[in-house]
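Heavy-atom basis, side chains included; hydrogens, waters and symmetry copies ignored. A quick note: this is a predicted structure, and the numbers were derived from the prediction, not measured.
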2 protein chains.
Amino acid sequence: MENEMIKYLSKHIDLTDKLTNVIVESTIIKSFKKGTILLREGELSNKSYFVFKGCIRSYMLKDGEDRTIEFYTEEQPVSPLSYETGVPSTHYLECIEDTVVSLSTAKHEKEMFQKYPTLESVCRVIGEVMMSNYQEAFIDYKMMTPEERYTNLIKTRQNLIQRVPQYQLASYLGIKPESLSRIRKRLKQK
Amino acid sequence: MENEMIKYLSKHIDLTDKLTNVIVESTIIKSFKKGTILLREGELSNKSYFVFKGCIRSYMLKDGEDRTIEFYTEEQPVSPLSYETGVPSTHYLECIEDTVVSLSTAKHEKEMFQKYPTLESVCRVIGEVMMSNYQEAFIDYKMMTPEERYTNLIKTRQNLIQRVPQYQLASYLGIKPESLSRIRKRLKQK
DNA sequence: AGCATTTCTTAACCAAAGTCAATGATATAC
DNA sequence: GTATATCATTGACTTTGGTTAAGAAATGCT
C-alpha cells in the first residue's frame with residue numbers, strides 16, 4: 001500500500017532512500033466501510049488522507065440539497081480546508097465505497113517537517129501542483145457547458161461514471177439529475 | 001510600496017525583522033502601462049507578481065472568444081500556472097489599468113528558499129491558504145446561478161464592477177454581455 | 001424471493017441564458 | 001470636435017436547464 005504513496009510522491013520530487021523509509025514507517029493505514037462519514041459540517045478536521053483504494057466524496061448542503069464538490073479516488077490526496085485554516089468545515093467527507101487510506105494529522109506533519117525539512121519542500125511543491133490542477137479544473141468548468149463537462153468527464157475520468165450514482169455525478173457537474181438524463185439521451189442520438 | 005507586501009505576508013505568518021529586511025531589499029518593483037501584455041498563450045513564464053496598484057486580468061481564448069479567468073487587484077499575488085509547472089501558458093495576463101507590481105523569478109525564489117528556509121514555510125502556508133480560497137471560489141461558483149454570482153460580486157468586490165468593462169465582467173461570471181445586461185435590468189426592477 | 005426504498009428516466013411546462021440583429025451610448029483616435 | 005471604434009442595451013426567437021410529477025428500473029433488506 002505504501003508503495004503507491006511513494007510512487008505518487010516520486011512523481012513530484014526525488015526522494016532519498018532515507019526519506020522514503022521515514023515516510024513508509026510513519027504511515028498509518030486505515031480502512032473505512034462504505035457510508036462512513038469522515039468529516040461533518042461544523043466539525044474541525046486535523047486529519048488529511050491519501051486514498052489507496054475506494055472513493056471519498058466531498059459534498060455540502062445548500063438549501064437542503066446535497067451538492068458534490070469532488071470525488072477523490074485512487075492515488076489522490078484529500079486535505080480538508082479546515083485542516084489548513086482551523087475554521088469549522090463547511091462540507092462533508094463520505095466514503096462512497098469501502099475505502100483504504102493513509103492518514104496524517106496536522107501535529108504529526110508539523111513534527112515531520114521540523115525533523116525533515118526536505119519533506120516540507122516536497123509538500124510545498126505538491127501543494128503548488130494541486131493548486132495548478134485546481135485552477136485548471138475551475139477554468140475548465142467555467143469554459144464548458146454542462147454537456148461539454150460531461151463528455152470531458154467521460155474522457156478524463158471514465159471510471160467515475162461507472163462507480164458513482166448519476167445524481168451525485170449531476171451535482172458534481174453543476175446540474176440536476178433530470179438534466180444529466182437528458183444530456184445522456186442527446187448524446188446517444190448523435 | 002514594499003510595506004503592503006510585508007503587511008500581506010504578516011497576515012499569514014510572523015515575520016522576523018531579518019526576514020522582513022531580506023524581503024524588502026530583494027524586492028523588484030515594476031510599472032506597466034495599461035494594455036501591457038505580461039504573458040501570452042504558448043509562452044513560458046518564470047515570473048510571478050504581486051499587485052501593488054492597478055489590475056491584471058488573466059484570460060484565455062476559446063473558440064476565438066476572450067474569456068476572463070480572474071482579475072488581480074491590490075494586494076493579490078499572481079503566479080501563472082506555467083510558473084510552477086513549466087508547461088507553456090494557456091492563458092494571457094494583461095494589465096487593464098496602469099499597474100505597479102513587485103516581481104519575482106523562479107530562480108531568485110529558489111535561491112531565497114535555500115538561504116532562508118523559513119521563507120519556504122511562509123510560501124507553503126500562503127500557498128495553502130490560496131488553495132483554500134480557490135477551492136471556496138470554485139464551490140461558490142458551482143453553487144450559484146449567474147444572477148447570484150453577480151450580486152455576490154457586488155458584495156465582495158464592489159470596486160471591480162466600477163473598474164472593469166461589462167463584457168469582461170460577463171465572461172468572468174461565465175455569461176454573455178447581453179445576459180449581464182438583462183440581469184442588471186432585472187435587479188433594478190426589484 | 002418479495003417488498004420497500006432509492007435512483008433513473010420521461011414528459012409537460014416555465015424561466016433564464018444563448019444567438020442574431022439593430023440601435024444607443026461611450027470612448028478613442030485623428 | 002468630429003469621425004470611428006468599441007461597448008452596452010434591447011427585442012425576437014431558440015436552446016437548454018430547472019421544476020414538478022409520474023412511472024420504470026435498480027438496489028437493499030429481511
Side-chain angles (χ1 to χ4, degrees), chain A residues 33-37 54-55 57 59 61-68 71 92 94-98 140-154 160-190, chain B residues 33-37 54-55 57 59 61-68 71 92 94-98 140-154 160-190:
Chain A
K33 277 256 156 255
K34 175 174 175 174
T36 309
I37 309 264
C55 183
R57 181 174 76 106
Y59 65 94
L61 298 178
K62 206 211 164 190
D63 312 327
E65 237 178 299
D66 167 318
R67 318 258 198 134
T68 300
F71 298 103
Y92 294 77
E94 176 198 14
C95 301
I96 60 169
E97 299 175 358
D98 291 351
D140 283 351
Y141 188 93
K142 250 171 110 164
M143 300 298 163
M144 292 188 220
T145 63
E147 182 170 324
E148 285 172 325
R149 292 202 283 269
Y150 179 67
T151 53
N152 184 248
L153 198 65
I154 294 176
L160 261 195
I161 290 157
Q162 265 103 42
R163 295 162 83 164
V164 167
Q166 304 278 342
Y167 75 96
Q168 290 179 6
L169 268 187
S171 77
Y172 179 59
L173 294 170
I175 54 178
K176 301 280 153 185
E178 295 90 333
S179 296
L180 180 52
S181 232
R182 277 189 295 230
I183 287 172
R184 286 153 58 84
K185 198 179 177 184
R186 269 206 311 264
L187 290 174
K188 257 185 258 170
Q189 288 167 352
K190 291 180 185 170
Chain B
K33 277 258 156 256
K34 175 173 176 176
T36 309
I37 309 264
C55 184
R57 181 174 76 107
Y59 65 94
L61 299 179
K62 205 209 165 193
D63 311 326
E65 238 178 296
D66 169 317
R67 317 257 199 134
T68 301
F71 296 103
Y92 294 76
E94 177 197 13
C95 301
I96 60 170
E97 301 175 356
D98 291 349
D140 283 352
Y141 189 93
K142 250 168 111 163
M143 300 297 164
M144 293 189 220
T145 63
E147 182 170 324
E148 285 172 325
R149 293 201 284 267
Y150 179 67
T151 53
N152 184 250
L153 199 65
I154 294 176
L160 261 196
I161 290 158
Q162 267 103 40
R163 294 163 83 163
V164 168
Q166 304 277 344
Y167 74 98
Q168 290 179 5
L169 268 187
S171 77
Y172 179 58
L173 295 169
I175 54 178
K176 302 280 152 184
E178 295 93 328
S179 297
L180 179 54
S181 227
R182 277 187 296 232
I183 288 173
R184 286 153 57 85
K185 199 179 176 185
R186 265 199 323 258
L187 291 173
K188 256 184 257 169
Q189 289 166 353
K190 290 182 183 170

[X] has an atom [atom1]; how far is it from atom [atom2] of [N], in whole Å?
{"X": "A:K185", "N": "C:dT9", "atom1": "NZ", "atom2": "C1'", "answer": "8 Å"}
{"X": "A:L187", "N": "C:dT9", "atom1": "CG", "atom2": "P", "answer": "12 Å"}
{"X": "A:R184", "N": "C:dT7", "atom1": "CZ", "atom2": "P", "answer": "15 Å"}
{"X": "B:M144", "N": "D:dG18", "atom1": "CE", "atom2": "P", "answer": "16 Å"}
{"X": "A:I161", "N": "C:dC8", "atom1": "CD1", "atom2": "P", "answer": "13 Å"}
{"X": "A:Y167", "N": "D:dG17", "atom1": "OH", "atom2": "C1'", "answer": "21 Å"}
{"X": "B:E148", "N": "D:dG18", "atom1": "CD", "atom2": "P", "answer": "13 Å"}
{"X": "A:D66", "N": "C:dT6", "atom1": "CG", "atom2": "P", "answer": "14 Å"}

- Pair partner, C:dT26 [Watson-Crick or wobble, under 3.5 Å]: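 Base partner found: none.
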- Paired with C:dC14 by Watson-Crick or G-U wobble geometry, both distances under 3.5 Å: which nucleotide is it?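 Per the H-bond distance test, D:dG17.
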- Message: Is the ring pair B:Y141/A:Y141 parallel, tilted or perpendicular, if the boundaries are 30 and 60 degrees?
- Response: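 Perpendicular, since the angle between the ring planes exceeds 60°.
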- Under 4.0 angstrom between B:K188 side-chain N/O and D:dT9 OP1 or OP2: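 False: B:K188 side-chain N/O out of range (4.0 Å or more) of D:dT9 OP1/OP2.
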To the nearest 0.5 Å, what is the distance between [atom1] ([X]) and [atom2] ([Y])?
{"X": "A:D140", "Y": "A:L153", "atom1": "CG", "atom2": "CG", "answer": "11.5 Å"}
{"X": "A:E148", "Y": "A:M143", "atom1": "CD", "atom2": "CE", "answer": "11.5 Å"}
{"X": "A:I183", "Y": "A:K188", "atom1": "CD1", "atom2": "NZ", "answer": "13.0 Å"}

- Quick check: does any side chain N or O of A:Q168 sit under 3.5 Å from a backbone N or O of A:P165, one acting as donor and the other as acceptor?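 Side chain of A:Q168 to backbone of A:P165, a donor-acceptor pair under 3.5 Å: no, none is there.
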- Would you give a per-nucleotide map of nucleotides 13-21 of chain C, 5' to 3', where B means the base has a protein non-hydrogen atom under 4.0 Å away, S means only the sugar-phosphate does, and - means neither? ----SBBB-
- Item | In C:dA16, glycosidic geometry as syn within 90° of 0 or anti otherwise |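 Classified anti.
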- Query: NZ of B:K62: more than 12 outside heavy atoms within 6.0 angstrom?
  - Reply: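 Enclosed: over 12 neighbouring heavy atoms sit under 6.0 Å from NZ of B:K62.
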- Message: Is it the case that the side chains of B:Y172 and B:R57 hold a donor-acceptor pair, with the cut-off being a distance below 3.5 Å and no angle test?
- Response: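 There is no such pair (donor and acceptor under 3.5 Å, judged by atom type) between the side chains of B:R57 and B:Y172.
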- Message: Starting the side chain at C-beta, find the nucleotide from D:dG28, D:dA8, C:dC8 nearest to A:K34.
- Response: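 Minimum distance to the A:K34 side chain belongs to D:dG28.
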